[in-house]
There are 2 protein chains.
Amino acid sequence: MGNIKTLDLPLKTTPATIEDVARLAEVSIATVSRAIHMPEKVAASTRQKIDHAIAVTGYSANAMARSLRLGRSNMILAIAPDISDPNFSPILIGLEKEARANGLGLLIGHTQGDPLRGIEYLKFMNAHQAAGMILFTGYVPSDPNQPAPRLPPSVAVVEPMAHGSIPFVGVDDRLGARKLLELLLAHGHRRIAFIGDSRARLAHHRRRIGFDEGVAAAGLRDSQMVLDSDGTLEGGRAAIERLFLRDDLPTAFLCVNDQTAAGVMMGLTARGYDVPKDFSVTGFDDIPQANFLSPGLTTIRQPRTAIGQEAMALLLRMLEGEGAEQPETLLMPDLIVRGTVGPPAPWPLNRKGFAKGS
Amino acid sequence: MGNIKTLDLPLKTTPATIEDVARLAEVSIATVSRAIHMPEKVAASTRQKIDHAIAVTGYSANAMARSLRLGRSNMILAIAPDISDPNFSPILIGLEKEARANGLGLLIGHTQGDPLRGIEYLKFMNAHQAAGMILFTGYVPSDPNQPAPRLPPSVAVVEPMAHGSIPFVGVDDRLGARKLLELLLAHGHRRIAFIGDSRARLAHHRRRIGFDEGVAAAGLRDSQMVLDSDGTLEGGRAAIERLFLRDDLPTAFLCVNDQTAAGVMMGLTARGYDVPKDFSVTGFDDIPQANFLSPGLTTIRQPRTAIGQEAMALLLRMLEGEGAEQPETLLMPDLIVRGTVGPPAPWPLNRKGFAKGS
DNA sequence: CTGAAAGCGCTTACAG
DNA sequence: CTGAAAGCGCTTACAG
């Protein structure tokens, strides 16, 4: 008879509820709930019956009902301009891993850089009462025509917040740029150009600061060069085109990110120069493409999965009410040495290009 | 006075509930709900008051309460072995876009290829009553020790299901391989090798079939060659090493995916050969790295975002009860011609490598 | 056209 | 140590 009962239950087509468990264990639903959340308050014998009933029914609490009752969801919303960005997706993995380990789900919001979509997500979040938020954007989406929405506890990654008090988890950009510069200096370079726009993104600005500091420390202040570039491959290539209109060429390019470095390499190659024989180039981020360039790009690797995990762990702590005492968590950048850095070329280079000497 | 009332409400720190709206509009919550979901059943004047109250309070229905009541969540769970795979992430974007457009949220599950984690997600899904599921894995995660879990409506992408009746949305792999082969043939190649493992993944098997069909149609059956390789860059490189132990070299390599093609190109370059002068190479997928190879890889582009949107649209239809009449939705592959295909090299090549002629 | 009431599945004081 | 009951915010028959 009891046998028949246990055999019957799995045939139910709808998932088991706490009611099913209670009935099978012959206790009240309150006791089932207690057995799950405060087992020490339940008699051992009762607990056993309940555990068995749970196993038999395959019960797991309906998360929606639980959230509704508790007034807090177990979803974290990640808002990113582009979830397919190779720089972002490993962070998502870290976020997801840590969230899941704590029973939370990661909901994904892809804004395509469109602020309007960001606002939509905020609404969505509000409706779902997402417990917390991870921002990849450097700012909180907002609609000037609407009152500012309530924000749940939030953490910024990739790009520090332009203003406001949301804590940031990311690489130490300044230190990374510094490491790259030291490498170039160690190879004997003295004329080093920084390529990138340091105004658009705060993270890029910090790389620039690292560069400036290193240049100053090495006493190279006068020979430093800065070329504006928007952080894209095209921008890197264009910077090279503009550069060759000038006379005072650098021997090495410290690029604000890998895309820029790839563009610089393409521009150089198109002009018939060889990297690293004629010019040295460094990137930043270590995107997957960095290893497909030839030669492979020397760059800084962002500890992306770790960033994600750290950020989620911090958010979880904030959810527990432990204030974000630390406004910034900076992770160690890793120098990845591949093939784009060598000693400076003898000066002056043959500037006519394709048929230049070796 | 009314003024004061409307000014007061936004100061509430907790989000507005249907109760707040009802109070402000001086109707019952039932009428508010009706005004939202069946406006035609509500008097125009009442509707106006309610609309105003909604605007003032910034109300949007608590999704958890709504789901609980309706017995159906508005979350879709996507289970992928690696959400950072450049082949997958644009699909996620498509999925997310279409889901969001229909008021659903996309929850992400990253299994790292670990079946155990897949099972965890199934449990999670069950607890959350996810309305539907997108599978990137080609199989349903399952635990042999547990009864099979109930599955919500599901759609497979990237990899068709090994068995079972879950509909698939993806590129037409067979046709894509065929297009690549035609291109090679048009350039004059007659000795063409297929590199890849056609057993591990069904999608790869289909590419192999396209290759076989094309070879047969061109009457080349006897000269076709197949080299086993596991679909990784390393595998591609290793296949080249093994190949050069033999005598009957092909003039072109049709690789099962871009990673393999990249490995093949590296292997060839390492031996001192030039692509496409000495050998032609094609890939499949058009991963972002394909354009960073030099020369750029000629390949097939998967319409990834479209795959995501199609898949989600199909899932949404299934959720409405419109059966998945069509077991497969095959999207058109795009041939992307870059620089790795040229005419076959004169035979025999100088096999000693680095100092070869021309 | 509108409101009172039931109920989705849970958790947690409150009694006992 | 355990159970009855309230209530989270919603939607939808059911009356009127």
Side-chain angles (χ1 to χ4, degrees), chain A residues 12-51 53-54 57-75 103 124-131, chain B residues 12-51 53-54 57-75 103 124-131:
Chain A
K12 279 191 53 172
T13 162
T14 137
T17 68
I18 197 171
E19 198 84 48
D20 297 325
V21 176
R23 199 165 23 239
L24 189 59
E26 298 175 305
V27 297
S28 72
I29 62 169
T31 303
V32 174
S33 183
R34 250 183 246 112
I36 295 172
H37 301 294
M38 333 171 212
E40 72 286 357
K41 305 211 146 195
V42 173
S45 60
T46 313
R47 226 159 43 207
Q48 263 184 3
K49 286 193 298 177
I50 292 175
D51 287 348
I54 288 177
T57 55
Y59 171 74
S60 74
N62 179 318
M64 295 179 308
R66 179 153 213 274
S67 298
L68 180 60
R69 174 63 235 242
L70 262 29
R72 160 153 88 107
S73 106
N74 54 169
M75 295 288 165
F124 184 85
M125 183 214 70
N126 225 283
H128 279 271
Q129 317 265 353
Chain B
K12 279 192 51 172
T13 163
T14 137
T17 69
I18 197 171
E19 199 83 48
D20 297 325
V21 176
R23 200 165 23 239
L24 189 59
E26 299 175 306
V27 295
S28 74
I29 60 168
T31 303
V32 174
S33 182
R34 250 183 246 112
I36 294 171
H37 300 292
M38 335 171 211
E40 71 285 356
K41 304 211 148 195
V42 173
S45 60
T46 312
R47 224 158 45 207
Q48 263 185 4
K49 284 192 299 180
I50 292 175
D51 287 347
I54 288 177
T57 54
Y59 172 73
S60 74
N62 179 317
M64 295 178 308
R66 180 155 211 275
S67 298
L68 180 59
R69 176 61 234 241
L70 261 30
R72 161 153 88 106
S73 106
N74 55 168
M75 295 287 166
F124 184 85
M125 183 214 68
N126 225 284
H128 279 272
Q129 317 266 351

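This one's a predicted model, so the numbers in the text were calculated from it and none came from an experiment. Note that these values count all heavy atoms, side chains included, but never hydrogens, waters or copies made by symmetry. Note on naming: letters A, B, ... go to the chains in the order of the sequence lines (proteins, then strands), and numbering restarts at 1 for each one.
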Determine the minimum heavy-atom distance between A/Ala22 and A/Ser28, stating which atoms define it.
CB-C, 3.9 Å
Using a 4.5 Å cut-off on heavy atoms from C-beta on, say whether the side chain of B/Ile36 contacts that of B/Ile18.
no
Might you point out which heavy atoms bring A/Ala131 and A/Ser73 nearest each other, and give the distance in Å?
CB-O, 3.3 Å
Shortest non-hydrogen contact between B/Asn74 and B/Gly103, atoms and distance:
OD1-O, 3.7 Å
Please confirm whether the backbone N or O of A/Pro39 pairs with a side-chain atom of A/Arg47, one donor and one acceptor, at under 3.5 Å?
yes
Walking DNA chain D from its 5' end, the first of A/Ala65 and A/Arg47 to be reached, judged by nearest nucleotide, is A/Arg47
Contact class for A/Thr46 (heavy atom, under 4.0 Å): base, sugar-phosphate, or nothing?
sugar-phosphate
Gap between atom OG of A/Ser33 and atom CZ of A/Arg66 - 0.5 Å precision
7.5 Å
Please report the distance separating the C1' of C/dG16 from the corresponding atom of C/dT12, rounded so that it comes out in whole Å.
16 Å
Distance-minimising heavy-atom pair for B/Glu26 and B/Lys49:
O-NZ, 4.2 Å
Set out, in order, the CA-CA distance, both residues' side-chain angles and the distance that settles side chain to side chain contact (heavy atoms under 4.5 Å, CB included) for A/Leu24 and A/Asp20, then state yes or no.
CA-CA 6 Å; A/Leu24 189 59; A/Asp20 297 325; over 6 Å; no
Do you know which two heavy atoms are closest between A/Ala65 and B/Leu68, and how far apart they sit?
CB-CD1, 3.8 Å
For B/Val42 and B/Leu70, find the nucleotide of DNA chain C closest to each by heavy atoms; which residue's nucleotide sits nearer the 5' end?
B/Val42
Can you see which heavy atom on A/Val21 is nearest to which on A/Ile54, and at what distance?
CG1-CG1, 3.8 Å
Between B/Val32 and B/Val27, is there a side-chain heavy-atom distance shorter than 4.5 Å?
yes
P spacing across the pair D/dC10 / D/dC14, given as an integer number of angstrom
24 Å
Only stems of 3 or more consecutive Watson-Crick or G-U pairs count here, both distances under 3.5 Å; name the ones for DNA chain C, or none.
C:1-3 with D:14-16, C:5-12 with D:5-12, C:14-16 with D:1-3
For residues 29-36 of chain A, which residues have at least one heavy atom under 4.0 Å from DNA chain D?
A/Ala30, A/Thr31, A/Arg34
Can you pull the contact range of chain B along DNA chain C, 5' to 3', using atoms under 4.0 angstrom from its heavy atoms?
C/dC1 to C/dG9
